[in-house]
Structures are given as structure tokens and as C-alpha cells.
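Okay, here's the structure, questions in a sec.
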Amino acid sequence: MDLMEAIKGRRSIRKYKPDPVSEETLQTLMEAVRWAPSWANTQCSEVIVVKDPKIKSELATALPNTNPALSSMTEAPLIIVLCGKKGISGFKKGQAATIRVDWLMFDTGLAMQNLCLVAHALGLGTVVVGMFDHRKAEEILGLPQNVEVVAITPLGYRATEGGTTKRKELSEFVFHDKYLGNK
Ligand SMILES: Cc1cc2nc3c(=O)[nH]c(=O)nc-3n(C[C@H](O)[C@H](O)[C@H](O)COP(=O)(O)O)c2cc1C
């Protein structure tokens, strides 16, 4: 699949078939995470692949009932939890190199996007889930203090196509030479 086709064709998927995802496919997806760019190649991203139905159900309890991705947490055969090691990305000799301090959110975001695009190209669905009780998820997964959960995605074969979504026009967010957003 052409990259632009994958970028434009990927949609959030919230309904999954129970069909398993092969180890080979999973490996390919982990390679996509592995090759994501990161601050000074610090590679703070870490992944937990959850297959155990009990842990999937526990993780689902970290989502509010209003989260539209809730049912997909137990429906999809796999849950991928994207974590970041703190104090690495954006740091030089233990000191923050920029006012943005920890670039963990950025690096894990790049890793997640790689995963979502390759999953889509392989015929799989994902939905980035960020609205949940992160502390609760970290407890369930047994994370140490220096690692945090950033986002989760169910992973599996699509039971439905994604919905239609709109995007802003380029003229609404692309500026030339100087910022012209606040008119
Ligand atoms: C950081 C982030 C957090 C998100 N959190 C949730 C979530 O908690 N629940 C959910 O159903 N979708 C979530 N989404 C999916 C967005 O709603 C979705 O990407 C957006 O509406 C655009 O639709 P599309 O992905 O189909 O293009 C999240 C997406 C991102 C990037």
C-alpha cells in the first residue's frame, strides 16, 4: 500500500472480529515501533502486548463508560499498551535540553502512529485510546515508577469499516513565514 493511501485510509476502528493476529504480523508491528524516530535516538518507547482476557478486562475498567472505545478493549484479540521511560527523551546528561522537558509523549506518539499505519496496511484495525485512568492502568500492568503508560490500542481484524471523519482545510492551519492563526 502506498504510504499516502495508508495515511488517508486509516480510520479508528472500534469493532473487532475475534480472529487471532499471527505472531509474524505482531512481529512486523513491533518492528514498526522499533524503527520510529526518537529524540537523539533515545528510544524511550516500550510496548506491552496484552493477550490475557483477564488483563484485558481489567484494563477496560480503567476506561470511563463514556469512552467509545470501551467495548473494543475486550473484543479485540490483542491490546497494545504504549509506554514511555521517563527522563530520557529530551534529556542530556540528566538535564532537560529544552523547555518542553520530557519528549516522551512525542516519541511514543510517533511510535504509535507507525504501529497504526502498518496495522492498517496489513488489514488490521487500531484506535488510539488516551482517555482512561492512567494510574489504574499502570497498577494493573505493574509498571515501575520510571515508566508511564501513554496510550493503548486494541488490535485485530476490523468488524466494521471506520467512520467518516473530517479534517481542516490546509488554509486553516498552514501558515507561511509567520504565524497567522489569531486573526
Ligand atoms: C491521543 C489520542 C487519544 C485518543 N483517545 C481516544 C479514546 O480515548 N477513545 C476513542 O474512542 N478514540 C480516541 N482517539 C481516536 C480519535 O477520536 C480519532 O483519531 C479522531 O476522531 C479521528 O478519527 P480517525 O482516527 O478515524 O481518523 C484518540 C486519538 C488520539 C490521537
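One-based numbering along the sequence shown. Every number for a ligand or one of its atoms is a count from 1 in the order of the listing.
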Check: What residues form a side chain to side chain contact (heavy atoms under 4.5 Å, CB included) with V81, not counting sequence neighbours?
Finding: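 Per chain and number, V81 pairs via side chain to side chain contact (heavy atoms under 4.5 Å, CB included) with I48, V50, L59, I79, C83, L141, V149, I152.
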Note to self: Strictly by side chain to side chain donor-acceptor pair (under 3.5 Å), give each pair with a member in residues 137-149 just once, sequence neighbours left out.
What the structure shows: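 As it turns out, the side chain to side chain donor-acceptor pair (under 3.5 Å) pairs with a partner in residues 137-149, which skip direct neighbours, are R135-E138.
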Next item on the list: With rounding to the nearest 0.5 Å, note down the distance linking CG in D102 to SG in C44.
Entry: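 Answer rounded to 0.5 Å: 7.0 Å.
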Next item on the list: Kindly tell me which protein residues have any non-hydrogen atom under 4.0 angstrom away from an atom of ligand 1, grouped by chain and ordered by number?
Entry: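 If the criterion is a heavy atom under 4.0 Å, then ligand 1 touches R10, R11, S12, R14, N67, P68, A69, V127, V128, V129, G130, M131, T165, R167.
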Notebook entry, point to check: For A159, what residues pass the side chain to side chain contact (heavy atoms under 4.5 Å, CB included) criterion, not counting sequence neighbours?
Noted result: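 Applying side chain to side chain contact (heavy atoms under 4.5 Å, CB included) to A159 gives K15, K17.
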Notebook entry, point to check: Parallel, tilted or perpendicular: which describes the rings of H134 and F132, with under 30° parallel and over 60° perpendicular?
Noted result: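 The rings of H134 and F132 lie parallel, inter-plane angle below 30°.
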Notebook entry, point to check: Is it true that R11 and E161 make a salt bridge, defined as a side-chain N closer than 4.0 Å to a carboxylate O?
Noted result: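 The answer is no: the pair does not qualify as a salt bridge.
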